[in-house]
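Counting convention: from 1, in listed order, for ligands and their atoms alike. On a predicted model such as this, the values are computed, not experimentally measured, just so you know. Values reported hereafter were calculated over all heavy atoms of this structure, with side chains retained and with hydrogens, waters and symmetry mates removed.
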Amino acid sequence: MRPWWHAAAIYQVYPRSFRDGNGDGLGDVKGVEEKLPYLKDLGVDAIWLSPFYPSPQHDSGYDVADPRDVDPMYGTLADAQSMIDAAHALGIKVIVDVVPNHASVEHRWFQEALLSAAGSKERARFHFRDGRGEGGFEPPTNWMSMFGGPAWTRITEPDGTPGQWYLHIFDSSQPDYNWSNPEVREDWLTTLAFWLDRGVDGFRVDVALGLAKDMEYPDIENPEGLVQALRLDLDNDSPEVTALRAKVRNSAIFDRDELREIYGEWRTLMNRYPGDRMAVAEAWVAPDRAAMYVGGDTLHQIFNFEFLSIPFDATQICAVVQRTLDELAIVKAPATWALSNHDTPRVVSRLMSPELDEERARTAARSLALIAHALPGSIYVYQGEELGLPDAPIPASARQDPVYFRTNGEQLGRDAARVPLPWSGVAAPYGFSDDDTAVTWLPQPADWEGLTAAAESADPNSTLGQYRSMLRLRHELPSLVDLDNAAVSELMPGVVRVTRGPEFSCIVNCTSQQVRIQSNAAVLVASDESVMADGESLTLPPATGAWLSETY
Ligand code: BGC
């Protein structure tokens, strides 16, 4: 039997915003456990939880003070164990997010490093360097933070004098670990074993391309460009973007050859555990570099960022899907597909344009979901995507993302896609907290009444209804269970067709015109009620699509 993760539906839980089990306006581990039956009913095979570890929350938990515990604001380790066990009892696997590129400034090791001398073993767990220029006032290199500004921050030494600088590829509250130090590698193996011992089925590896750094600390040619290259909102087809992305390959900060050995050690550890434990790499790298992250002796899956940022354009969709299938066939890793995550705009909002207002963009997003879920491999669903949520308007005073603050508001950051989920009711907090007076950590819009899980559950044509149908059919239809039968093509200009053998197809109209196709196939799932099949032809209004069966 093939491992479960070859074709799983994996639901991303962003715990802060999933469900508040104790009425304080913040999601928590108890809230996740409470809603497992909803996820079972949705049809997911696994959940991936964004970090719930102790953290000062400067980057919503991706600044981890102790990777082997649970933040009191999310619950206790016992709560986490109870949630893992409850998920397993329902047949749902659990993937936890690990953040091995960096710690939090509140991590014990970093606090010890601040109190220790330059050159000490405590400082050697991070990247501490003397500054350049007279008095060391210039940062050690010209590297930039992914969140804006320099990637180095100067400390004050215990004796009060201006001191060394430490590296942080993200916020200054997130010091990068020094992975050339065996103590760091050993400690991370302990962390992985800690969670494997508690029964987790896998890891999502945050910034998997960043752990190793060039220990000569060279200046780089275009530091801004290297940061830009990993942004998701660029035009993937433009030559400038291709040139930028080429600079990521084996650079001073990202995608270095040393990673192979690190992930090789992780794999050896995971192989010692029973069951099919897995790890998925968050790494946007050139296709020929993917082999370093996945394949036989390192990690198991790699996120497909090219697909995640795809426009609603048939030619580009076909090209990216084909490329993904071809490239992963070479390294023998199953593909992954996602339309959004906690770092990107929600797919409905991403597809909005002068031609596509919110409602039509939602239909387009549902059509794109038909394509993604029709493909072989694992599908990742970001919480709220199954409800068709758009990004929420966030007033400046409520913003939380360090990206917003480090770029002086030039980039709005990711808060709009992280708003607490609407579960039921007609007004905030929409059942996110049982306490109706609870103030959610980000404000929910006043017009989400029709987008709650309860409202959509009552309507089989809702986005939730569509997701439930797709996830059920992925398990039930032999054509979708077989993973070696996929083909993608442009059926006619602007119309995508994915087939899975002779009996199943998915057709999506990406144009602004209605199309009619000769077909006697039956509609299994449609992205809009206006899709019509009369036994002879299929009518697809603009931006709609359908799953079709030749055998029903
Ligand atoms: C996570 C982000 C986080 C960053 C730093 C990422 O790629 O997905 O949410 O801000 O790593 O940890």
Side-chain angles (χ1 to χ4, degrees), residues 10 12-18 27 48-67 71 95-107 110 126 143-149 151 167-177 179 188 191 203-211 213 226-233 248 253-255 259 279-285 293 299 301-305 308-309 336 338-346 380 382-383 391 399-407 411-419 441-442:
I10 300 163
Q12 182 189 354
V13 172
Y14 193 70
R16 256 177 114 82
S17 296
F18 185 68
W48 143 34
L49 293 126
S50 283
F52 48 73
Y53 317 110
S55 160
Q57 304 288 330
H58 292 301
D59 184 21
S60 293
Y62 282 92
D63 47 326
V64 179
D66 178 359
D71 195 298
I95 295 172
V96 295
D97 212 317
V98 286
V99 190
N101 180 69
H102 47 266
S104 151
V105 283
E106 290 190 8
H107 191 293
F110 192 75
F126 300 93
W143 303 354
M144 301 276 297
S145 154
M146 295 290 292
F147 288 169
L167 177 68
H168 52 87
I169 291 303
F170 293 90
D171 189 51
S172 56
S173 64
Q174 295 167 298
D176 282 41
Y177 286 108
W179 276 85
W188 267 99
T191 294
F203 300 106
R204 179 261 188 188
V205 185
D206 190 61
V207 196
L209 78 173
L211 280 48
K213 309 289 188 311
L226 193 59
V227 169
Q228 291 287 331
L230 294 171
R231 282 180 57 167
L232 294 172
D233 54 353
V248 171
I253 310 173
F254 297 121
D255 189 34
L259 292 169
V280 53
E282 187 210 16
W284 187 332
V285 293
Y293 301 84
L299 306 178
Q301 288 182 345
I302 184 165
F303 282 136
N304 183 348
F305 285 107
L308 188 135
S309 48
T336 64
L339 298 178
S340 58
N341 65 29
H342 66 293
D343 290 330
T344 65
R346 287 197 172 275
Y380 283 79
Y382 174 48
Q383 67 178 39
D391 281 350
R399 293 215 172 261
Q400 311 266 343
D401 192 346
V403 171
Y404 178 75
F405 297 103
R406 286 188 67 89
T407 61
Q411 287 177 44
L412 293 179
R414 303 157 293 179
D415 295 322
R418 297 176 172 181
V419 168
W441 73 282
L442 285 171

**Asked** Do Thr407 side-chain atoms and Val403 backbone N/O form a donor-acceptor pair below 3.5 Å?
**Response** yes
**Request:** Could you name the protein residues that come within less than 4.0 Å of ligand 1, counting only heavy atoms, and order them by chain and residue number?
**Result:**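 Heavy-atom contacts below 4.0 Å: Asp59, Tyr62, His102, Phe147, Phe170, Gln174, Arg204, Asp206, Val207, Glu282, His342, Asp343, Arg414, Arg418.
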**Message:** One thing to verify: whether Arg399 and Asp401 come together as a salt bridge, which I'm taking to mean a side-chain N less than 4.0 angstrom from a carboxylate O.
**Reply:**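 Result for this pair is no, no salt bridge flagged.
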**Request:** Salt-bridge test for Asp391 and Arg414: reply yes if a basic N is under 4.0 Å from a carboxylate O, no otherwise.
**Result:** no
**Message:** Can you classify the ring geometry of Phe110 versus Phe126 as parallel (below 30°), tilted (30 to 60°) or perpendicular (above 60°)?
**Reply:** perpendicular
**Pair Ser55, Asp63: side-chain N/O donor-acceptor within cut-off below 3.5 Å** =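 Yes.
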**Prompt:** Would Asp171 and Tyr62 count as having a side-chain donor-acceptor pair, cut-off 3.5 Å?
**Reply:**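 No donor-acceptor contact under 3.5 Å links the two side chains.
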